[in-house]
Q: 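Take this structure, written in structure tokens, and hold onto it; I'll ask about it next.
The figures here come from the full heavy-atom set of this structure, side chains too, leaving out hydrogens, waters and symmetry mates.
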Amino acid sequence: MSSRLGFPHGGLPDQGWKLYITSLVMIVTAGLFTLSRCVLRLHTRQFGRDDTVIVVSLLFSVLLSVTIQLAVEHGYGMHKVDLTKSELLAALRWFFIAQTPYKVVTCLNKVSAILLYQRIFISRRFQIAAWICLGIVVSWSLGSIAATILQCIPIAGSWDKSVHAKCIDSNAFWMGYSISNILTDVMVLALPIPQVLKLHLDLRERILLCGVFLMGGFVTVASILRATAVHNSLRNQSDSTWNFISRGIWTLIEANLGIICASLPILKRPIGSLLSRLFGPMSAGQSSDTWYSDGPPVHRTLDLPPRRGPFTPGGMQPVRNHRQGDWQSAARDSDIELLHTKGMDSGPYLGGVLRKDSWTVTTEQARVMPVPNPTTPYWRTELHPIDEHRSTEQLPKQCDIAIIGAGLSGVATAYHLIKKSGSNPPSIVLLEARQVCSGATGRNGGHCKAKTTTLLGVARDKGVGVANELAAFVDQQIQALKHLVEEEDLDCEFELQRSYDVFLDPVEAVTVRKEFQAAVREGQEWTRTRSLIESKHLEQMTSMSGAQLAISCSICSFWPYKLVTQLLAKLVESGAVNLQTSTPVIGVGQVIDGSNVVETNRGQLRASKVIFATNAYTSGICPTFTDRIVPTNSTAVHITPENGPVHPHLSQTYNIGYQADRVDYLNPRPDGGIVVGGGQWTYRNDRKRWYNDWDDSKLLPEVMSHFDGLMQRHFLGWDSSGAEIDHMWTVIQGITPDGLPFVGEVVGQQGKQYVLAGYNGGGMAMIFLCAEGVAEMIVNAKLFEDTGLPMMMKSTAGRLRGSL
């Protein structure tokens with residue numbers, strides 16, 4: 001035997017080279033796609049079951065290629081009459097062996113796709129449908145593999161017709177398998193489409209996203225062409241080593257194309273980036289989809305909505321829309337080191353280059369920054385044109401004030417600075433690592449409230465006066481937000497409401513009742529706006545089954561993303577703020593004249609003052625707060641009743657106490673949907689998964705079972721609502737040693753750097769007035785003590801020495 005890789009030799013025709021070349025090209029291509037997928041997923045810490053399955057599929061595809069090539073080496077591709085008996089049997093045996101890894105590959109490709117869908121679409125109904133599809137694919141594949149191996153008894157009869165064997169009708173089996181393979185392809189392809197069509201996107205975006213998932217249709221086409229080749233080969237089986245080449249080629253193409261197509265959705269953005277570099281950026285009329293995005297910016301001129309409210313119109317620079325690039329690598333690869341702001345001698349500024357001896361760094365600090373591809377919260381399903389806005393194409397070289405972070409803290413601070421500056425406002429540059437309001441503000445519960453148990457704890461641990469001060473501050477916050485919404489005419493579903501702290505555990509209910517009643521008897525000021533509810537109609541009043549106790553208070557709720565983006569659009573449109581999205585800050589240094597130099601992935605910005613409105617990410621660029629503001633992650637979901645809004649409508653928000661250390665928040669939306677957050681106890685013991693973790697691109701699946709069916713279990717009238725989760729996302733919070741935010745001047749950098757961060761999950765109840773206090777310190781040179789802010793929130797050296 002000497003087939004020479006399937007090429008004709010010795011005057012004998014041979015088309016085995018077609019199989020050899022096809023297998024080589026397809027396995028190399030599939031390998032490159034799989035490698036790229038794994039590198040990307042590992043880089044973003046998103047490697048999951050679907051990736052593991054596709055790697056295993058690639059290994060079986062390699063086995064398929066090897067067995068096909070061994071068949072070719074033994075004469076597959078030549079006429080039977082040109083082969084010796086031993087060559088013929090060897091060629092047919094290897095081709096028979098190749099049938100099993102082929103079926104394993106097609107199975108694993110489908111399994112990987114279904115597992116990917118399960119990571120993206122989290123509703124209970126879809127998860128059940130996906131598991132059913134998975135069961136069908138796996139059971140069908142196992143049966144097909146068993147039938148392939150055992151098509152003849154003894155097995156050798158499958159390739160050696162001289163063996164007396166009992167065999168199934170192989171022709172019918174091959175065609176049956178080909179047809180059922182196509183049907184399961186279609187089933188897997190169709191699985192995510194209904195979910196995509198229900199997303200809160202415009203029609204064009206939904207169609208484009210459907211197109212991404214339907215790229216797997218190329219595999220179905222290959223399956224159909226293979227089925228055609230199988231049918232044609234059955235017409236002439238007398239010379240199978242020659243006539244079966246076409247079906248062998250399509251077998252290799254189908255198997256490896258499945259691996260490639262399974263990786264395309266994950267690699268969509270890098271591939272788009274490559275094409276953009278080869279053929280130029282997309283035009284304004286082309287898609288700007290962000291799904292699985294991690295490529296370079298795309299510039300697109302956009303129009304902001306008409307101005308409303310009191311801001312004076314100003315001349316605007318042309319506005320650009322930018323996509324975030326792979327800025328994390330810029331932070332890692334930069335030779336600029338991060339300034340430690342505590343007790344540091346600033347170095348000189350030399351010709352636009354910062355001396356490295358004026359900086360200090362640790363690798364761990366550099367990593368605490370927003371990650372690309374975060375989970376999508378419900379609040380970000382209706383995006384504003386300002387979302388990926390850049391006021392100028394180039395980063396400004398200098399400004400009076402640089403604000404880092406475009407959530408509520410950063411935008412509110414900019415708003416107050418401008419309002420308080422009158423006719424001579426400072427030049428402000430607002431820097432955002434990702435999109436506007438893509439951090440905690442766009443991921444929280446959407447209500448402004450202090451829990452009763454929080455105030456009881458503050459009164460017990462820090463004194464009644466501190467509890468009174470905190471409660472009054474939150475009440476002032478509610479009124480200030482109401483005034484803002486009315487004055488600026490913001491359409492953000494703002495509503496003054498009552499809220500219930502509901503206790504389901506009888507033991508906790510007794511404890512809370514006793515403590516609250518004692519606080520009332522003592523005349524603690526904060527209790528005057530709260531009401532203890534112990535009526536026999538408690539369940540009816542709270543709409544909660546099993547309620548043991550409830551305490552009501554006044555709160556406000558709103559759509560945080562809409563409030564922030566609409567307010568920011570006014571600031572940008574007036575020319576008061578230069579917004580730069582997708583511009584992560586890598587470090588902040590100082591030069592000899594005392595001004596700050598902000599280092600970004602797009603260059604340096606010199607600023608007289610810097611404000612860190614960065615919450616959980618603060619220690620990444622201001623190491624003074626390393627281990628003082630620690631990032632942690634939690635989970636929130638949006639639940640939608642399948643059969644439309646449930647009546648009567650829940651008109652109040654909730655904190656639900658299942659036990660003393662198990663609490664959820666719940667915010668009913670005007671359209672009947674529900675935002676719920678909490679469930680930390682489901683993963684609390686695995687500390688490394690949530691503590692000092694700032695990756696909001698991953699979910700914590702343990703909490704899913706808690707949120708699934710929550711409304712049906714606990715709320716009256718919801719048992720037949722069909723309510724299910726349609727959005728689930730991760731929230732990154734900044735926690736501090738004493739449970740209070742750091743507000744005011746950065747210790748050691750008085751008058752130069754300011755901070756408002758570390759809200760411990762309660763930012764909505766504190767941020768707006770904290771921002772006003774910081775603005776007072778900057779514009780009117782007030783001391784913290786004169787701003788009216790609670791002294792317990794002041795950023796001090798003593799608080800920095802605290803421990804978590």
Q: Between Arg49 and Asp51, does any NZ, NE, NH1 or NH2 come within less than 4.0 Å of an OD or OE carboxylate oxygen?
A: no

Q: Would you please test Ser180 and Trp140 for side chain to side chain donor-acceptor pair (under 3.5 Å) and show each step?
A: CA-CA 9 Å; Ser180 57; Trp140 162 77; 2.9 Å; yes

Q: Side chain to side chain donor-acceptor pair (under 3.5 Å) for Asp50 and Ser112? Distances and angles first, verdict last.
A: CA-CA 4 Å; Asp50 55 319; Ser112 178; 5.2 Å; no

Q: Quick one: closest heavy-atom pair of Val137 and Cys107, and the distance?
A: CG1-O, 4.0 Å

Q: Side chains of Ser141 and Lys103 only: does a donor on one sit below 3.5 Å from an acceptor on the other?
A: no

Q: Over all heavy atoms of both residues, which pair between Ala165 and Gly157 is shortest? Give the atoms and the distance, please.
A: CB-CA, 3.9 Å

Q: On a heavy-atom basis, which atom in Leu58 and which in Ile259 lie closest, and how many Å separate them?
A: CA-CD1, 3.8 Å

Q: What's the shortest heavy-atom distance between Pro645 and Gly672, and which atoms?
A: CB-CA, 4.4 Å

Q: Give the intermediate values and the outcome of side chain to side chain donor-acceptor pair (under 3.5 Å) for residues Ser65 and Tyr20.
A: CA-CA 8 Å; Ser65 293; Tyr20 190 90; over 6 Å; no

Q: At what distance, to the nearest 0.5 angstrom, does CD1 of Ile149 lie from CD of Gln99?
A: 10.0 Å

Q: Taking 4.0 angstrom as the limit, do Asp726 and Arg125 come out as a salt bridge?
A: no

Q: Can the positive tip of Arg662 be found less than 6.0 Å from the middle of the six-membered ring of Tyr658, inside 45° of the ring normal?
A: no

Q: Walk me through whether Ile639 and Val676 qualify under side chain to side chain contact (heavy atoms under 4.5 Å, CB included).
A: CA-CA 8 Å; Ile639 297 173; Val676 188; 4.0 Å; yes

Q: Any chance you could measure Cys261, atom SG, to Phe33, atom CZ, to the nearest 0.5 Å?
A: 8.5 Å

Q: Does any non-hydrogen side-chain atom of Val371 lie less than 4.5 Å from one of Arg434?
A: yes

Q: Around atom CH2 of Trp159, are there more than 12 heavy atoms of other residues, nucleotides or ligands at under 6.0 Å?
A: yes

Q: Is there side-chain contact between Met704 and Val637, with at least one heavy-atom pair below 4.5 Å?
A: no

Q: Any side-chain heavy atom of Val188 within less than 4.5 Å of one from Tyr117?
A: yes

Q: Return the CG to OG distance between Asn643 and Ser720, rounded to the nearest 0.5 Å.
A: 7.0 Å

Q: His727 versus Pro377: any side-chain heavy-atom pair under 4.5 Å?
A: no

Q: Which heavy atom in Val163 sits nearest to a heavy atom in Pro154, and how many Å separate them?
A: CG1-CG, 3.8 Å

Q: Does any N or O in the side chain of Asp160 come within less than 3.5 Å of the main-chain N or O of Ala156, such that one atom is a donor and the other an acceptor?
A: no

Q: What verdict does the side chain to side chain contact (heavy atoms under 4.5 Å, CB included) test give for Thr67 and Phe95, after you've listed the backbone C-alpha separation in whole Å, the side-chain angles of each residue and the deciding distance to 0.1 Å?
A: CA-CA 7 Å; Thr67 53; Phe95 199 79; over 6 Å; no

Q: Judged by atom type as modelled, is there a donor-acceptor pair below 3.5 Å linking the side chain of Thr730 to the main-chain atoms of Thr635?
A: no

Q: Keeping the roles fixed (side chain from Arg443, backbone from Ser438), state whether a donor-acceptor pair exists under 3.5 Å.
A: yes

Q: Measuring from atom SG of Cys167 to atom CD1 of Ile153, what distance do you get when rounded to the nearest 0.5 angstrom?
A: 8.5 Å

Q: Please report the interatomic distance OG(Ser545) to CZ(Arg713), rounded to the nearest 0.5 Å.
A: 11.5 Å

Q: Using side-chain heavy atoms (C-beta onward) and a distance below 4.5 Å, is Ile155 in contact with Phe96?
A: yes

Q: Compare all side-chain heavy atoms of Ile674 with those of Trp718 and state whether any distance is below 4.5 angstrom.
A: yes

Q: Looking only at the side chains, is there a donor atom on one of Gln69 and Ser23 sitting less than 3.5 Å from an acceptor on the other?
A: yes

Q: Closer than 3.5 angstrom, by distance alone: can the side chain of Glu724 be matched with the main-chain N or O of Glu642 as a donor-acceptor pair?
A: no

Q: Only one of Thr375, Asn633, Asp693, Asn373 clears side-chain hydrogen bond (donor to acceptor under 3.5 Å, both in side chains) with Lys698; which?
A: Asp693

Q: Does the side chain of Thr52 come within less than 4.5 Å of Phe47's, by heavy atoms?
A: yes

Q: Val72 vs Trp94, test: side chain to side chain contact (heavy atoms under 4.5 Å, CB included). Steps then yes/no.
A: CA-CA 9 Å; Val72 170; Trp94 282 115; over 6 Å; no

Q: Would His638 and Trp729 count as a close aromatic pair, with their ring centres under 6.0 Å?
A: no

Q: For Asn256 and Ser61, indicate whether the former's side chain and the latter's backbone hold a donor-acceptor pair under 3.5 Å.
A: no

Q: Donor-acceptor pair, Gln151 side chain versus Thr148 backbone, under 3.5 Å?
A: yes

Q: Show the nearest heavy-atom pair for residues Val703 and Gly679, with the distance to one decimal.
A: CG2-O, 3.6 Å

Q: Please test Gln118 against Gln127 for side chain to side chain contact (heavy atoms under 4.5 Å, CB included), starting from the C-alpha separation and ending with a verdict.
A: CA-CA 6 Å; Gln118 285 187 312; Gln127 292 288 319; 3.5 Å; yes

Q: Would you give the length of the straight line joining atom CD1 of Ile114 to atom CD1 of Ile132, rounded to the nearest 0.5 angstrom?
A: 11.0 Å

Q: Any non-hydrogen side-chain atom of Asp696 less than 4.5 Å from a side-chain atom of Val731?
A: no

Q: Using a 3.5 Å distance criterion without hydrogens, assess whether the side chain of Thr22 forms a donor-acceptor pair with backbone atoms of Leu19.
A: no

Q: Do side-chain atoms of Ser57 reach the backbone of Val53 as a donor and acceptor pair under 3.5 angstrom?
A: no

Q: Among side-chain atoms of Ser634 and Tyr683, is any donor-acceptor pair under 3.5 angstrom?
A: no

